[in-house]
Student: 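Take this structure first; my questions come after.
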Amino acid sequence: MVIAFLSTIDITGVQEYINSSSLNLQEFLENTLQWINSLGAVGGIVFIGIYIIATLAFLPASILTLGAGIIFGVVWGSLYVFIGATLGATAAFLVGRYLAKSWVKEKISSYKKFATIDKAVSKEGLKIVLLTRLSPLFPFNLLNYALGITSVSFSDYLIGSVGMIPGTIMYVYLGSLAGNLALIGSKSKPSNIILHWVIQIIGLMATIAVTVYVTKIAKKALEDENL
(Lines give C-alpha, C1' and ligand atoms only; values in the text may rest on other atoms or scores of the structure.)
Protein backbone atom coordinates (compact mmCIF):
# COMPACT_ATOMS: atom_id res chain seq x y z
CA MET A 1 0.00 0.00 0.00
CA VAL A 2 2.87 2.34 0.84
CA ILE A 3 4.55 1.64 -2.50
CA ALA A 4 1.34 2.07 -4.47
CA PHE A 5 0.71 5.50 -3.02
CA LEU A 6 4.25 6.88 -3.09
CA SER A 7 4.76 5.84 -6.70
CA THR A 8 2.23 8.52 -7.68
CA ILE A 9 4.27 11.35 -6.12
CA ASP A 10 6.16 13.54 -8.57
CA ILE A 11 9.58 14.22 -7.09
CA THR A 12 11.29 15.50 -10.24
CA GLY A 13 12.31 18.64 -8.43
CA VAL A 14 13.73 16.60 -5.58
CA GLN A 15 15.78 14.46 -7.93
CA GLU A 16 17.18 17.56 -9.60
CA TYR A 17 18.12 18.85 -6.17
CA ILE A 18 20.31 15.80 -5.59
CA ASN A 19 21.44 15.34 -9.21
CA SER A 20 25.01 14.86 -7.99
CA SER A 21 23.99 11.51 -6.55
CA SER A 22 23.04 8.35 -8.42
CA LEU A 23 20.68 7.34 -5.62
CA ASN A 24 17.06 7.04 -6.66
CA LEU A 25 15.55 8.95 -3.75
CA GLN A 26 11.94 7.95 -4.37
CA GLU A 27 12.75 4.25 -4.53
CA PHE A 28 14.94 4.52 -1.45
CA LEU A 29 12.21 6.21 0.61
CA GLU A 30 9.58 3.77 -0.64
CA ASN A 31 11.72 0.83 0.43
CA THR A 32 12.53 2.51 3.74
CA LEU A 33 8.86 3.07 4.55
CA GLN A 34 7.98 -0.47 3.55
CA TRP A 35 10.76 -1.76 5.81
CA ILE A 36 9.57 0.40 8.72
CA ASN A 37 6.04 -0.92 8.20
CA SER A 38 7.36 -4.46 8.64
CA LEU A 39 9.06 -3.73 11.97
CA GLY A 40 5.91 -3.68 14.06
CA ALA A 41 6.18 -2.04 17.48
CA VAL A 42 9.71 -0.67 16.99
CA GLY A 43 8.78 0.92 13.66
CA GLY A 44 7.91 4.24 15.28
CA ILE A 45 11.33 4.56 16.92
CA VAL A 46 13.13 3.69 13.69
CA PHE A 47 10.96 6.16 11.78
CA ILE A 48 11.88 8.96 14.20
CA GLY A 49 15.58 8.16 13.76
CA ILE A 50 15.32 8.24 9.98
CA TYR A 51 13.36 11.49 10.10
CA ILE A 52 16.13 13.10 12.17
CA ILE A 53 18.73 12.04 9.61
CA ALA A 54 16.58 13.30 6.72
CA THR A 55 16.20 16.69 8.40
CA LEU A 56 19.95 17.01 8.96
CA ALA A 57 20.76 15.87 5.44
CA PHE A 58 18.41 18.32 3.67
CA LEU A 59 16.30 15.44 2.34
CA PRO A 60 12.64 16.25 1.53
CA ALA A 61 10.78 14.99 4.58
CA SER A 62 7.37 15.46 2.95
CA ILE A 63 7.42 11.92 1.57
CA LEU A 64 8.21 10.54 5.02
CA THR A 65 5.45 12.68 6.53
CA LEU A 66 2.87 11.39 4.07
CA GLY A 67 4.16 7.86 4.60
CA ALA A 68 3.71 8.22 8.35
CA GLY A 69 -0.01 8.76 7.78
CA ILE A 70 -0.22 5.58 5.74
CA ILE A 71 1.76 3.43 8.16
CA PHE A 72 0.80 4.77 11.58
CA GLY A 73 -2.44 6.70 11.04
CA VAL A 74 -3.14 10.34 11.90
CA VAL A 75 -2.54 10.38 15.66
CA TRP A 76 0.61 8.27 15.95
CA GLY A 77 1.90 9.42 12.57
CA SER A 78 1.63 13.08 13.60
CA LEU A 79 3.32 12.35 16.92
CA TYR A 80 6.24 10.48 15.33
CA VAL A 81 6.74 13.13 12.65
CA PHE A 82 6.64 15.95 15.20
CA ILE A 83 9.18 14.24 17.46
CA GLY A 84 11.46 13.42 14.53
CA ALA A 85 11.20 16.91 13.04
CA THR A 86 11.78 18.58 16.40
CA LEU A 87 14.83 16.46 17.25
CA GLY A 88 16.22 16.85 13.74
CA ALA A 89 15.66 20.60 13.77
CA THR A 90 17.27 20.85 17.20
CA ALA A 91 20.32 18.91 16.05
CA ALA A 92 20.67 21.16 12.99
CA PHE A 93 20.34 24.25 15.20
CA LEU A 94 23.16 23.04 17.46
CA VAL A 95 25.37 22.21 14.47
CA GLY A 96 24.77 25.69 13.07
CA ARG A 97 25.52 27.35 16.40
CA TYR A 98 28.56 25.40 17.55
CA LEU A 99 30.09 23.35 14.74
CA ALA A 100 29.54 24.88 11.31
CA LYS A 101 28.92 28.63 11.55
CA SER A 102 31.03 29.50 8.50
CA TRP A 103 29.35 26.87 6.36
CA VAL A 104 25.86 28.02 7.39
CA LYS A 105 26.70 31.68 6.74
CA GLU A 106 27.88 30.76 3.26
CA LYS A 107 24.71 28.77 2.57
CA ILE A 108 22.35 31.56 3.64
CA SER A 109 24.32 34.45 2.14
CA SER A 110 21.95 34.65 -0.84
CA TYR A 111 18.83 34.72 1.37
CA LYS A 112 18.35 38.37 2.32
CA LYS A 113 15.41 37.56 4.60
CA PHE A 114 17.68 35.74 7.04
CA ALA A 115 19.55 38.96 7.85
CA THR A 116 16.20 40.51 8.76
CA ILE A 117 15.26 37.47 10.83
CA ASP A 118 18.49 37.81 12.80
CA LYS A 119 17.56 41.37 13.76
CA ALA A 120 13.98 40.41 14.58
CA VAL A 121 14.83 37.45 16.84
CA SER A 122 17.12 39.63 18.93
CA LYS A 123 13.96 41.43 20.06
CA GLU A 124 11.24 38.77 19.93
CA GLY A 125 12.93 35.40 19.54
CA LEU A 126 10.07 33.06 20.41
CA LYS A 127 7.51 34.99 18.39
CA ILE A 128 9.65 35.04 15.23
CA VAL A 129 10.62 31.37 15.46
CA LEU A 130 6.99 30.39 15.98
CA LEU A 131 5.82 32.48 13.01
CA THR A 132 8.52 31.15 10.68
CA ARG A 133 7.52 27.60 11.66
CA LEU A 134 3.89 28.35 10.87
CA SER A 135 4.70 30.00 7.53
CA PRO A 136 5.77 28.03 4.42
CA LEU A 137 7.80 31.02 3.18
CA PHE A 138 11.03 29.76 4.71
CA PRO A 139 12.83 26.51 3.70
CA PHE A 140 12.51 24.25 6.75
CA ASN A 141 15.83 22.39 6.61
CA LEU A 142 17.92 25.49 5.90
CA LEU A 143 16.04 27.54 8.50
CA ASN A 144 17.05 25.05 11.19
CA TYR A 145 20.73 25.69 10.57
CA ALA A 146 20.27 29.41 9.94
CA LEU A 147 18.54 30.06 13.26
CA GLY A 148 21.55 28.51 14.95
CA ILE A 149 23.70 31.51 14.03
CA THR A 150 21.14 34.07 15.17
CA SER A 151 20.84 35.39 18.71
CA VAL A 152 17.68 33.42 19.47
CA SER A 153 17.91 31.43 22.69
CA PHE A 154 17.82 27.65 22.58
CA SER A 155 14.70 27.56 24.76
CA ASP A 156 12.80 29.96 22.47
CA TYR A 157 13.88 27.94 19.44
CA LEU A 158 12.72 24.69 21.00
CA ILE A 159 9.37 26.05 22.16
CA GLY A 160 8.81 27.60 18.73
CA SER A 161 8.78 24.07 17.30
CA VAL A 162 5.08 23.84 18.16
CA GLY A 163 4.53 25.94 15.05
CA MET A 164 5.19 22.80 13.01
CA ILE A 165 2.10 21.06 14.36
CA PRO A 166 -0.62 22.35 11.95
CA GLY A 167 1.36 21.52 8.80
CA THR A 168 2.43 18.17 10.23
CA ILE A 169 -1.12 17.08 10.97
CA MET A 170 -2.31 18.17 7.52
CA TYR A 171 0.33 16.19 5.63
CA VAL A 172 -0.05 13.13 7.85
CA TYR A 173 -3.82 13.31 7.40
CA LEU A 174 -3.37 13.40 3.62
CA GLY A 175 -1.17 10.32 3.83
CA SER A 176 -3.68 8.54 6.03
CA LEU A 177 -6.49 9.38 3.61
CA ALA A 178 -4.46 8.03 0.70
CA GLY A 179 -3.84 4.86 2.67
CA ASN A 180 -7.56 4.45 3.29
CA LEU A 181 -8.24 4.94 -0.42
CA ALA A 182 -5.94 2.02 -1.12
CA LEU A 183 -8.15 -0.16 1.10
CA ILE A 184 -11.22 0.28 -1.11
CA GLY A 185 -12.25 -3.09 -2.43
CA SER A 186 -10.14 -4.97 0.11
CA LYS A 187 -11.28 -7.05 3.06
CA SER A 188 -9.96 -4.37 5.42
CA LYS A 189 -12.41 -1.69 4.33
CA PRO A 190 -14.78 -0.27 7.02
CA SER A 191 -18.19 -1.88 7.38
CA ASN A 192 -20.03 1.46 6.99
CA ILE A 193 -17.89 2.91 4.22
CA ILE A 194 -20.13 5.91 3.45
CA LEU A 195 -20.08 7.20 7.04
CA HIS A 196 -16.37 6.47 7.24
CA TRP A 197 -15.59 8.58 4.18
CA VAL A 198 -17.88 11.42 5.25
CA ILE A 199 -15.98 11.64 8.54
CA GLN A 200 -12.62 11.39 6.76
CA ILE A 201 -13.41 14.11 4.23
CA ILE A 202 -14.88 16.47 6.82
CA GLY A 203 -11.82 15.91 8.99
CA LEU A 204 -9.49 16.62 6.08
CA MET A 205 -11.34 19.78 5.09
CA ALA A 206 -11.26 21.04 8.67
CA THR A 207 -7.55 20.27 8.97
CA ILE A 208 -6.71 22.07 5.73
CA ALA A 209 -8.91 25.04 6.66
CA VAL A 210 -7.21 25.46 10.05
CA THR A 211 -3.75 25.05 8.54
CA VAL A 212 -4.42 27.60 5.79
CA TYR A 213 -5.92 30.05 8.27
CA VAL A 214 -3.01 29.75 10.70
CA THR A 215 -0.52 30.05 7.84
CA LYS A 216 -2.25 33.18 6.58
CA ILE A 217 -2.09 34.76 10.03
CA ALA A 218 1.60 33.88 10.35
CA LYS A 219 2.37 35.30 6.91
CA LYS A 220 0.57 38.55 7.75
CA ALA A 221 2.42 38.83 11.06
CA LEU A 222 5.76 38.29 9.34
CA GLU A 223 4.92 40.96 6.77
CA ASP A 224 4.14 43.34 9.64
CA GLU A 225 7.63 42.58 10.96
CA ASN A 226 9.01 43.35 7.49
CA LEU A 227 10.17 39.75 7.03
Side-chain angles (χ1 to χ4, degrees), residues 1-100 103-104 107 133 136 138-148 157-158 160-180 182:
M1 181 171 65
V2 174
I3 299 297
F5 169 63
L6 291 176
S7 63
T8 66
I9 299 175
D10 181 8
I11 61 166
T12 303
V14 174
Q15 290 172 328
E16 290 176 353
Y17 177 76
I18 58 166
N19 56 15
S20 60
S21 172
S22 59
L23 177 66
N24 185 322
L25 181 60
Q26 181 175 4
E27 182 180 355
F28 171 73
L29 291 177
E30 288 174 357
N31 292 336
T32 299
L33 287 168
Q34 187 177 40
W35 173 62
I36 291 173
N37 194 33
S38 69
L39 295 178
V42 299
I45 298 174
V46 174
F47 177 85
I48 290 172
I50 291 174
Y51 208 103
I52 294 171
I53 295 172
T55 302
L56 284 167
F58 287 88
L59 296 179
S62 56
I63 296 177
L64 290 175
T65 305
L66 291 166
I70 300 173
I71 297 173
F72 305 113
V74 177
V75 176
W76 286 106
S78 297
L79 179 63
Y80 293 150
V81 169
F82 178 70
I83 293 174
T86 301
L87 293 177
T90 300
F93 175 87
L94 295 175
V95 169
R97 174 153 293 186
Y98 299 111
L99 300 177
W103 176 80
V104 175
K107 287 292 182 183
R133 290 307 192 195
F138 301 92
F140 173 72
N141 289 335
L142 184 58
L143 183 64
N144 298 329
Y145 286 98
L147 286 171
Y157 176 83
L158 192 59
S161 296
V162 300
M164 295 187 288
I165 292 177
T168 293
I169 294 175
M170 184 182 73
Y171 277 102
V172 173
Y173 206 122
L174 284 170
S176 175
L177 194 63
N180 287 332

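In this chain, residues are counted from 1 in sequence order. A quick note: this is a predicted structure, and the numbers were derived from the prediction, not measured.
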Student: If I compare all heavy atoms of Phe82 with all of Thr168, which pair ends up nearest, and what's the gap?
Tutor: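 In this case the closest contact between Phe82 and Thr168 is N-CG2, 4.3 Å.
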Student: Nearest 0.5 Å, what's the CD1-CG distance between Ile36 and Asn31?
Tutor: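 The distance works out to 11.0 Å.
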Student: Give a yes or no on whether the backbone of Leu59 and the side-chain of Asn141 come within a donor-acceptor separation of less than 3.5 Å.
Tutor: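 It does hold such a pair.
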Student: Got Leu158 and Thr90 here, is their nearest side-chain heavy-atom distance under 4.5 Å?
Tutor: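 The answer is yes, as the side chains (C-beta and beyond) meet within the 4.5 Å cut-off.
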Student: Taking all atoms of both residues into account, what is the closest heavy-atom pair of Ile70 and Gly175, and its distance?
Tutor: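 Closest approach of Ile70 to Gly175, heavy atoms only: CG1-O, 3.1 Å.
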Student: Looking only at non-hydrogen atoms, find the nearest pair between Gly148 and Arg97 and report the distance.
Tutor: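 In this case the closest contact between Gly148 and Arg97 is O-NE, 2.9 Å.
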Student: If we ignore angles and hydrogens, is there a donor and acceptor under 3.5 Å between the side chains of Ser78 and Tyr173?
Tutor: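 Distance-only check fails for Ser78 and Tyr173.
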Student: Got a second to check how far Thr32's OG1 is from Leu64's CG, nearest 0.5 Å?
Tutor: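 The CG atom of Leu64 is 7.5 Å from OG1 of Thr32, to the nearest 0.5 Å.
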Student: Where the side chain of Thr55 meets the backbone of Tyr51, is there a donor-acceptor pair that is under 3.5 Å apart?
Tutor: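 It does hold such a pair.
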Student: Take atom CG of Leu39 as the centre, draw a 6.0 Å sphere, and report whether it contains more than 12 heavy atoms from other residues, nucleotides or ligands.
Tutor: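 Atom CG in Leu39 is crowded, with more than 12 foreign heavy atoms closer than 6.0 Å.
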Student: Is any side-chain heavy atom of Leu79 closer than 4.5 Å to a side-chain heavy atom of Val75?
Tutor: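 No - every pair of side-chain heavy atoms lies 4.5 Å or more apart.
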Student: If I compare all heavy atoms of Gly160 with all of Arg133, which pair ends up nearest, and what's the gap?
Tutor: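 Looking at all heavy atoms of both residues, the closest pair is O-CG, 3.4 Å.
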Student: Taking Tyr145 for its side chain and Leu56 for its backbone only, find out whether a donor-acceptor pair lies under 3.5 Å.
Tutor: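 Judged by distance alone, yes, a pair lies under 3.5 Å.
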Student: When rounded to the nearest 0.5 angstrom, what is the spacing between OG in Ser176 and CD1 in Ile169?
Tutor: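 Going from OG on Ser176 over to CD1 on Ile169, the span is 12.5 Å.
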Student: Side chains of Tyr171 and Leu66: closer than 4.5 Å at any heavy-atom pair?
Tutor: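 The answer is yes, as the side chains (C-beta and beyond) meet within the 4.5 Å cut-off.
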Student: Heavy atoms only: give me the nearest Asn144-Ala89 pair and the separation to one decimal.
Tutor: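 Looking at all heavy atoms of both residues, the closest pair is OD1-CB, 3.4 Å.
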Student: For the residue pair Phe47 and Ile71, establish whether any side-chain heavy-atom pair is separated by less than 4.5 Å.
Tutor: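 They are not in contact (no side-chain heavy atoms under 4.5 Å apart), so the answer is no.
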Student: What orientation do Phe72 and Tyr80 show, parallel under 30°, tilted 30 to 60°, or perpendicular over 60°?
Tutor: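 The arrangement is perpendicular - the two ring planes meet at more than 60°.
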Student: When rounded to the nearest 0.5 angstrom, what is the spacing between CZ in Phe93 and OH in Tyr98?
Tutor: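 One gets 7.0 Å once the value is rounded to the nearest 0.5 Å.
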